[in-house]
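A, B, ... follow the sequence lines: proteins, then strands. Residue 1 opens every chain. These numbers come from a predicted model, not from an experiment.
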Amino acid sequence: MEMPFSSGNYLRGVPFPFCAGCGGTTVANVFLRAVHELGHRNLQGFVFCSGIGCSSWIPSPHFKADSIHTTHGRSIPVATGVKLMRPNLNVVVFGGDGDIVGIGLGHLIHAARRNLDVTVIMVNNMIYGMTGGQVAPTTPQEVKTSTTPYGGFERPLDAVSLVASAGASYAARVTTAHIQQLKGTIKKALKTKGFSFIEVVSQCPTAYGRRAGFKNAGEMLHWMRDHSISIREAQKLSENEVKGKIVIGDFVDRKLPTLTERIQSTIKKASKDGPD
Amino acid sequence: MAGHLSSGTHFLQGNEAIAEAAMIAGCRFFAGYPITPASEISEYLATHLPKIGGIMIQMEDEIASIGAIIGASWAGAKAMTATSGPGFSLMQENIGYAFMTETPCVVVDVQRSGPSTGQATKCAQGDVMQSRWGTHGDYASIVLSPNSVEEMFYLTIHAFNLAEQYRTPVILLADEIVAHMREQIHIPPAESIDIVNRRKPKTQEERFFGGEEVPPMPSIGEGHNVAVTGSTHDEFGRRFTADPGVHQNLVTRLVGKIRNNAELVMDFEAYNATDCEIGFITYGCTSRAAYEAIEMARNNGINAGLIRLKTLWPFPERIVQSMARNAKKIIVPEMNVQQLFFEVERATKGATEVIPVNKIGGGEMLTPEELYSQLKGSEN
Ligand SMILES: Cc1ncc(C[n+]2csc(CCOP(=O)(O)OP(=O)(O)O)c2C)c(N)n1
Ligand code: SF4
């Protein structure tokens with residue numbers, strides 16, 4: 001009974017504008033495979049919100065679905081309004097690390113705290129790709145960028161731990177070098193009740209790769225594969241031993257009351273007896 | 001549409017009148033962030049919106065608040081946010097986004113003293129130009145200016161109606177004095193209030209971002225595969241980030257749908273406006289003193305007139321020009337250091353002398369006596 005995957009069910013046919021070897025294309029394709037494997041024949045019932053940046057172009061206008069391409073960093077507030085008024089839709093946010101944890105970080109943490117039932121997929125290419133390679137809140141300190149030509153002076157952010165501690169139902173990290181795991185993680189996130197967050201460490205050969213000393217996307221993928229360790233392994237190691245590694249896996253996966261549940265019960269209460 | 005109060009006479013605060021009117025206009029989603037002198041709007045809606053199945057959520061800031069109402073609007077809801085100067089500044093980028101994506105929504109700015117935190121609890125009229133030119137790029141805005149509690153009520157409903165009709169954000173530019181005063185208002189029976197709802201598409205294939213002046217607006221979740229973007233797009237929502245023609249078509253239409261309908265949108269109250277020797281152009285709380293000054297002038301045989309703008313933008317320039325034809329002088333009283341004054345000067349093109357009268361600080365209104373003495377002093 002398994003239907004074969006056909007991209008025409010999910011894509012409008014507008015070609016992705018990404019550079020050759022860009023991880024954004026991988027994330028888009030794996031996402032659609034995951035949706036297919038969950039039994040969705042098309043993207044009806046989904047709404048995609050994204051901000052500004054290469055990664056924000058993953059759904060818009062490529063996915064054959066409703067999509068709202070918002071201002072830079074503001075996809076999560078827009079998704080909040082959408083989800084609260086249409087609780088039955090699957091609301092998925094795509095964005096880059098600059099979009100989600102640079103300019104938009106406050107919104108991410110508050111959405112996690114509220115346990116808003118949306119899925120946020122952050123493509124962490126460790127750089128501001130669209131604007132040409134400036135330092136991001138996720139850039140490793142030793143990598144020189146166009147705005148940190150002597151190397152960085154800030155510590156990169158661990159977005160997954162932050163989201164986990166803020167109260168999300170689900171938070172995970174994975175890379176574009178782990179396709180099967182990425183697909184499984186997306187499926188899990190989409191099935192989660194409450195806030196689900198995936199950080200996909202990804203390759204931007206154009207704006208990041210050459211600055212970090214990689215010859216091409218293939219080298220970057222090898223590096224990611226070789227430098228990833230599972231969270232279970234990482235927990236057995238000292239902080240120093242984990243340094244420089246990409247810790248992947250589920251950081252939290254739990255059942256918590258969601259924002260829509262709480263709001264619906266407030267409405268029920270208010271319409272019955274008022275606030276006094 | 002249901003509000004909280006039944007029809008009849010009520011004694012309400014200006015901010016409560018906004019909140020009540022919003023519910024009657026069909027608002028079912030409100031997102032906001034606390035700020036004096038606008039907070040009573042969200043407090044009222046927090047209590048009463050859930051009773052009619054609506055949602056009020058306090059967001060983490062004003063950027064998120066306007067983001068959330070944009071999302072709710074695309075989800076099919078009538079949506080509103082309310083703030084004051086500092087929050088209004090934070091909203092500007094997404095006000096431009098709502099304009100560009102033709103997202104109906106209502107933004108209330110209860111003006112207080114600025115710039116910056118200024119005198120946070122005190123009244124001012126300093127956001128007149130920001131309400132017109134606050135976001136970047138080419139655009140046109142619809143800005144309404146109420147001067148009484150009852151008008152807070154009616155212009156809020158009107159703001160929703162204009163937003164739905166023209167698919168654009170509408171700004172209700174209130175001020176601290178009108179927001180915090182309490183007056184008697186009459187709420188008419190619901191069926192006698194005109195409510196406008198956005199035009200929905202009839203088929204799946206329609207163009208939602210062009211093809212006509214105000215295209216129909218689908219909601220997400222209805223199978224239209226609508227692609228909303230604040231980047232330049234064609235009538236199907238397809239992004240064109242370099243094509244000059246697409247940008248020109250889009251922005252010309254967006255500005256045009258307000259400019260071409262300006263006569264329909266603009267609203268004012270005129271008293272002896274076209275035959276007076278000295279006239280006031282006034283709006284908001286300041287107009288209350290201007291009416292009294294006119295009364296004093298009449299009792300003293302001065303031929304004075306008044307135009308009170310209910311629509312600041314688009315600027316009702318024709319009526320202002322007709323006043324300028326006969327009036328020797330036009331006085332523009334404002335609680336700022338001259339803002340609408342410049343627009344009056346521009347519109348009257350030197351036909352008459354335009355005199356600014358300004359007062360700022362401490363939230364103190366221009367008094368009827370001050371305005372009357374200006375009238376008297378301008379007589380010869
Ligand atoms: C308010 C605002 N500030 C700055 C920009 C310019 N800008 C466009 S994309 C971007 C960052 C892109 O980085 P990221 O979000 O990580 O996405 P990527 O392109 O790397 O996928 C910036 C700063 C903007 N569009 N809006
Ligand atoms: S600049 Fe980087 S992130 Fe953007 S499309 Fe090219 S490779 Fe991808």
Heavy-atom distance under 4.5 Å to chain B: side chain of A:His107, backbone, both or neither? both
If we define contacts as heavy-atom pairs under 4.5 Å, which of B:Gly54, B:Ala31, B:Pro50 has the most with chain A? B:Pro50
Would you check if the distance from the ring center of A:Phe94 to the ring center of A:Phe31 is below 6.0 Å? yes
In terms of heavy-atom proximity below 4.5 Å to chain B, should A:Arg12 be classed as side chain, backbone, both, or neither? side chain
B:Phe236: which residues meet the ring-ring contact (aromatic ring centres under 6.0 Å, His included) condition with it, sequence neighbours left out? none
Which residue pairs pass the ring pair (Phe, Tyr, Trp, His ring centres under 6.0 Å) test when at least one of the two sits in residues 81-105 of chain B, sequence neighbours left out? B:Phe99-B:Tyr139
Note: vs chain A, highest number of non-hydrogen pairs under 4.5 angstrom among B:Ser73, B:Ala79, B:Ala72, B:Gly237 is B:Ala72
Under 4.0 Å between a Lys/Arg side-chain N and an Asp/Glu carboxylate O for B:Glu102 and B:Lys257? yes
Shorter than 4.5 Å, heavy atoms on both sides: which option in A:Ile109, A:Thr70, A:Leu89 has the most such pairs with chain B? A:Thr70
When the aromatic ring centroids of A:Tyr128 and A:Tyr208 are compared, is their separation below 6.0 Å? no
Highest number of heavy-atom pairs under 4.5 Å with chain A among B:Gly96, B:Gly71, B:Ser219, B:Gly76 belongs to B:Gly71
What part of B:Ile220 gets closer than 4.5 Å to chain A, counting heavy atoms only: side chain, backbone, both or neither? both
Thinking salt bridges, do B:Lys200 and B:Glu222 make one under a 4.0 Å N-O criterion? yes
Under 4.5 Å from any heavy atom of chain B - which part of A:Ile263: side chain
So what's closer than 4.5 Å to chain A heavy atoms on B:Ile66: side chain, backbone, both or neither? neither
Tell me if the centroids of the rings in A:Phe16 and A:His62 come within less than 6.0 Å of each other. yes
Side chain, backbone, both or neither of B:Ala64 within contact of chain A (heavy atoms, under 4.5 Å): both
